[in-house]
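One structure is given below, encoded as C-alpha cells.
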Amino acid sequence: MRYVRRIALATPDVIEAVAARGGSMDRKWLPLNALRAFEAAGQHLSFTAAANSLTVAQSAVSRHVIVLENFLGVALFERRPQQLVLTEAGRHILPVVSKSFDRIDQALGEVIKEKGRPKRVLKVALPTSFAHRLAIPILRDFRAENSGISLEIVSKPTTGPEVDGDIDIAIVYSEPRVTDAIHDLLWMVRSTLLCSPKLLESTDASDPAKLVAANDLLHLKIDGRPRHFFWEMFVRSIGRPDLAVDRGLVFDTQQLAAQYAMSGDGLALLDPLLFHEEIKAGRLVRPFDLWLDEGYGYYLTTHPEDLSNEAVALFRSWLIARFSAGPNGRRPEPDAVAAEPAKLRAAK
C-alpha cells in the first residue's frame with residue numbers, strides 16, 4: 001500500500017513554471033503528484049478508475065496528467081471514447097515510474113519496520129538450475145562479506161532478457177540481446193551429451209549417431225524456439241542432420257533434465273560445469289568428447305537507473321568478479337573433463 005495516496009491539484013503558477021522549464025529535469029520541479037496520477041491512470045487505463053484508487057476527483061487526475069504532458073512536451077495517452085491508450089512515450093516511462101514508487105514504498109517500510117536502522121534489501125531473480133546448482137555457496141559467501149545487505153531470492157525458469165516488476169537484479173539464461181537493460185555475461189554455455197552409465201550398458205554407443213538414434217532425447221524448453229532446437233544443432237554438428245530428433249521429453253530446466261537422465265533413461269545436452277559433482281561421482285557420464293556451443297549464456301541483468309542503488313552496484317561488481325574465474329569460482333579443467341570419455345571408450 002502506498003503511504004501517500006491523496007494528491008493535490010497543481011496551481012496555475014506551478015503549471016506555468018513547469019512548462020517554462022522546457023522539459024528540464026531540475027529535481028525541484030519534478031512533478032511528483034503528476035507522476036502519481038499518471039501511474040494510476042496508466043495502470044487502470046481510465047481516469048475514473050485512477051481517481052477512485054487515489055480517492056480524488058476524476059478532474060484532478062486528468063489535470064495532473066496534462067501537467068506532466070506539458071512538462072514533457074509529449075502526449076502520454078491517446079484519449080479515445082471510453083478508453084485511454086498509452087503512447088510510446090507513456091509505455092516507456094510507466095514501468096520506471098511504478099518501480100520508483102515501489103522503491104519509495106519499500107524504503108519507507110524498511111525504516112518503519114527496523115525502527116530507523118533499515119537493512120539494504122535486494123530482490124534477486126535466478127534461473128532454477130542456476131539457483132540449485134550454484135546459488136547456495138555463492139549467496140553464502142556474499143552474505144558473509146556483506147552482512148548489511150539482505151537478499152530476497154526468486155527462483156524461476158527464465159530465458160528472457162528482462163528484469164520484471166520489482167526485481168532489482170536478475171541472472172537470465174539468454175542469447176546475446178540488445179535492450180534497455182545492462183547485460184553482463186557471466187559465462188557462455190557449452191553443452192555436451194550426458195547420460196546415466198546404466199544407459200550405455202544396454203545400447204550401442206560406438207558412435208554418437210547410433211546412440212542418438214536408439215534413445216529418447218531430453219529437451220530444454222526455450223521461449224520462441226522449437227522443443228528440439230538444441231538437438232537439431234547437435235546432429236548438424238556431428239554431420240547427421242538426417243537424424244530424427246523430435247521425440248522424447250521436454251523440461252523447463254536443466255536441473256530436471258539431469259535428474260531424469262540420472263534415472264537411467266534418455267540423453268541430455270547439458271552444461272557439464274553445472275553438473276560437475278554428478279560427473280565426478282559417476283552418476284552422469286560423457287560418452288563422447290563432443291561440445292555444442294549453443295549461443296546462449298548466463299547474463300547478469302540490471303536496469304541502468306538501478307546502478308545508483310549502492311546495494312545493486314555492489315552485488316553486480318561482486319558477482320562479476322566471482323564469475324571471472326568461471327562457475328563455482330574455478331575454471332574448468334579440460335584434461336580432467338576429457339579423461340572420462342576416453343576411459344569409457346577403452347572399457348568397451
Side-chain angles (χ1 to χ4, degrees), residues 1-19 21 23-25 27-113 121 123 125 152 154 156 158 160-170 179-181 223 301-306 308-309:
M1 178 178 294
R2 295 271 155 79
Y3 294 96
V4 179
R5 298 188 63 84
R6 290 188 177 273
I7 57 178
L9 282 172
T11 60
D13 59 320
V14 171
I15 295 174
E16 292 176 4
V18 169
R21 298 296 297 180
S24 171
M25 291 297 106
R27 185 168 291 182
K28 71 180 181 180
W29 294 107
L30 195 64
L32 295 178
N33 287 336
L35 288 168
R36 184 70 185 93
F38 161 72
E39 186 211 18
Q43 289 177 341
H44 295 283
L45 295 179
S46 164
F47 286 144
T48 300
N52 290 337
S53 71
L54 296 170
T55 65
V56 298
Q58 185 267 352
S59 60
V61 174
S62 179
R63 289 181 61 184
H64 269 290
V65 171
I66 291 172
V67 167
L68 185 59
E69 290 177 324
N70 290 339
F71 179 77
L72 297 173
V74 297
L76 298 174
F77 294 101
E78 295 178 20
R79 277 79 165 173
R80 299 178 183 176
Q82 307 298 318
Q83 184 183 18
L84 286 178
V85 178
L86 285 162
T87 63
E88 183 177 352
R91 291 192 300 272
H92 177 71
I93 69 172
L94 179 60
V96 178
V97 171
S98 294
K99 189 167 186 177
S100 297
F101 279 120
D102 288 340
R103 281 272 176 87
I104 294 172
D105 283 350
Q106 180 179 331
L108 294 177
E110 290 165 3
V111 169
I112 294 171
K113 182 179 179 181
V121 178
K123 194 167 185 179
E152 182 178 342
V154 177
K156 60 182 180 179
T158 176
E162 302 301 332
V163 181
D164 299 325
D166 59 348
I167 298 297
D168 295 305
I169 195 164
T179 73
D180 291 337
D223 291 341
T301 304
T302 52
H303 285 304
E305 64 269 18
D306 290 340
S308 60
N309 182 324

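One-based numbering along the sequence shown. Quick note: numbers below take in every heavy atom, side chains included, and nothing from hydrogens, waters or symmetry partners.
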Is the number of heavy atoms from other residues, nucleotides or ligands under 6.0 Å of Q83 CD greater than 12?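 Check passes, neighbour count above 12.
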So [Y] and [X], do their side chains get closer than 4.5 Å, heavy atoms only?
X   : Y   : result
V56 : H64 : no
F38 : V67 : no
R79 : L84 : yes
T87 : V74 : no

Can you name the closest pair of heavy atoms from [X] and [Y] and give their distance?
X    : Y    : value
V61  : A51  : CG2-CA, 3.7 Å
A181 : P304 : CA-CD, 4.2 Å
A89  : A75  : CB-O, 4.1 Å

Euclidean distance, [Y] [atom2] relative to [X] [atom1], rounded to 0.5 Å:
X    : Y    : atom1 : atom2 : result
L86  : E78  : CG    : CD    : 9.5 Å
L94  : F77  : CG    : CZ    : 7.5 Å
S98  : D102 : OG    : CG    : 6.5 Å
E39  : L68  : CD    : CG    : 12.0 Å
I167 : D306 : CD1   : CG    : 11.0 Å
R63  : N70  : CZ    : CG    : 11.5 Å

Using the side-chain contact (heavy atoms from CB on, under 4.5 Å) rule, take T179 and T301 through it: C-alpha gap first, then chi angles, then the decisive distance, then the call. CA-CA 10 Å; T179 73; T301 304; over 6 Å; no
Sequence neighbours left out, what passes side chain to side chain donor-acceptor pair (under 3.5 Å) with R91? Give chain and number order.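 None.
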Got a sec, which residues hit side chain to side chain donor-acceptor pair (under 3.5 Å) with E152, two or more places apart in sequence or on another chain?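 Partners of E152 by the side chain to side chain donor-acceptor pair (under 3.5 Å) criterion come out as none, since no residue qualifies.
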For the pair E69 (side chain) and L76 (backbone), establish whether a donor and an acceptor sit closer than 3.5 Å, ignoring hydrogens and angles.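 Yes, the answer is positive, given that a donor and an acceptor are paired below the 3.5 Å cut-off.
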